[in-house]
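Heads up, the thing below is written out as structure tokens.
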Amino acid sequence: MEAKISEIFSSYQGEGPFTGSRQLFVRFYGCNLNCVYCDTDIKSYKTFSTESLLSKILDFEDDYNELAVTGGEPLLHADFLFAFLTLFKKHKASKVYLETNGTLPDNFQKIKDLVDIVAMDLKLPSSCGSSKEFWKEHKKFIEVSSGKELVVKAVVTDATTMDDVKKMSDILAGVPNEGTIILQPVTPIDGIVQDADPEMLSYFKEYIKQATGREIGVIGQIHKKLGIR
Ligand code: SF4
């Protein structure tokens, strides 16, 4: 079994509550979405078998806390991931940290038992610049994540609408109390996507807090500010 991998590198997590944690990143190639703020539009890849990917990973120093499985959308490769993570866990005790757009709950179900931490995005159509909605998929994804350490993140831009924030709040009501909810102000891309207005961001945060009764974190992309991968 083989999969296309864009990058394998060691760095620090730059998003959410695991910011600063040393991780070994495996970036899978390809995505089922096309978010306007996407910063991982990588066109090159190498093809790996489960064994060759493990061998490559074992070449890295053992100084990471988690293996970060990211993309693109890694759950497009769920069958490969099932085989690879089964193999990985036979050799390493590191936790597996899955970064996903949260739109493929059935694929996640296939590998759920091999994942320790789930960092899922809630894709707001107004933030993503898309007419596609994934509320049903996101709701199911949160249900499937039951029992896992869960981080749910939504990117906020100057185009994010209150209507989407209200719909998101309904979904976030399903996040278990131990889960973490983060609003991530977008990293602007010149002429394409602009900073969220700080007052709107604050208003969204308070609205979601009132609607869900939960604390809401606001954390930007730290790795971009530090100029690291
Ligand atoms: S889901 Fe992530 S990788 Fe895919 S297009 Fe959106 S930002 Fe990019």
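Remember, predicted model here, so these are calculated numbers, not experimental data. Every number for a ligand or one of its atoms is a count from 1 in the order of the listing.
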Exercise for the section: Would you check, one step at a time, whether the test side chain to side chain contact (heavy atoms under 4.5 Å, CB included) holds for V218 with V156? Expected result: CA-CA 10 Å; V218 176; V156 178; over 6 Å; no
Exercise for the section: For T40, take its heavy atoms, then give the atoms of ligand 1 lying under 4.0 Å from any of them. Expected result: 3 (S), 8 (Fe)
Practice task
Give the ring-plane orientation class for F141 versus F108, where under 30° counts as parallel, over 60° as perpendicular and anything between as tilted.
Solution key: parallel
Problem - Region of K123 that comes within reach of ligand 1 [heavy atoms, distance under 4.0 Å] - result: side chain
Fill in the blank from the handout: Taking only non-hydrogen atoms of N101 and a 4.0 Å limit, the atoms of ligand 1 in range are 1 (S)
Problem - CA sep, side-chain torsions, deciding dist, call: N34, S130, side chain to side chain contact (heavy atoms under 4.5 Å, CB included) - result: CA-CA 8 Å; N34 187 20; S130 162; over 6 Å; no
Practice task
Just say parallel, tilted or perpendicular for the rings of F28 and F80, cut-offs at 30° and 60°.
Solution key: perpendicular
Exercise for the section: Indicate if the distance from atom 8 (Fe) of ligand 1 to the nearest N, O or S atom of C38 falls below 2.8 Å. Expected result: yes
Practice task
Taking K112 for its side chain and V144 for its backbone only, find out whether a donor-acceptor pair lies under 3.5 Å.
Solution key: yes
Handout entry: ligand 1 atoms in contact with C35 (distance to a heavy atom under 4.0 Å)
Key = 1 (S), 5 (S), 6 (Fe), 7 (S)
Practice task
Considering the heavy atoms of C31, write down every atom of ligand 1 situated less than 4.0 Å from one of them.
Solution key: 1 (S), 3 (S), 4 (Fe), 5 (S)
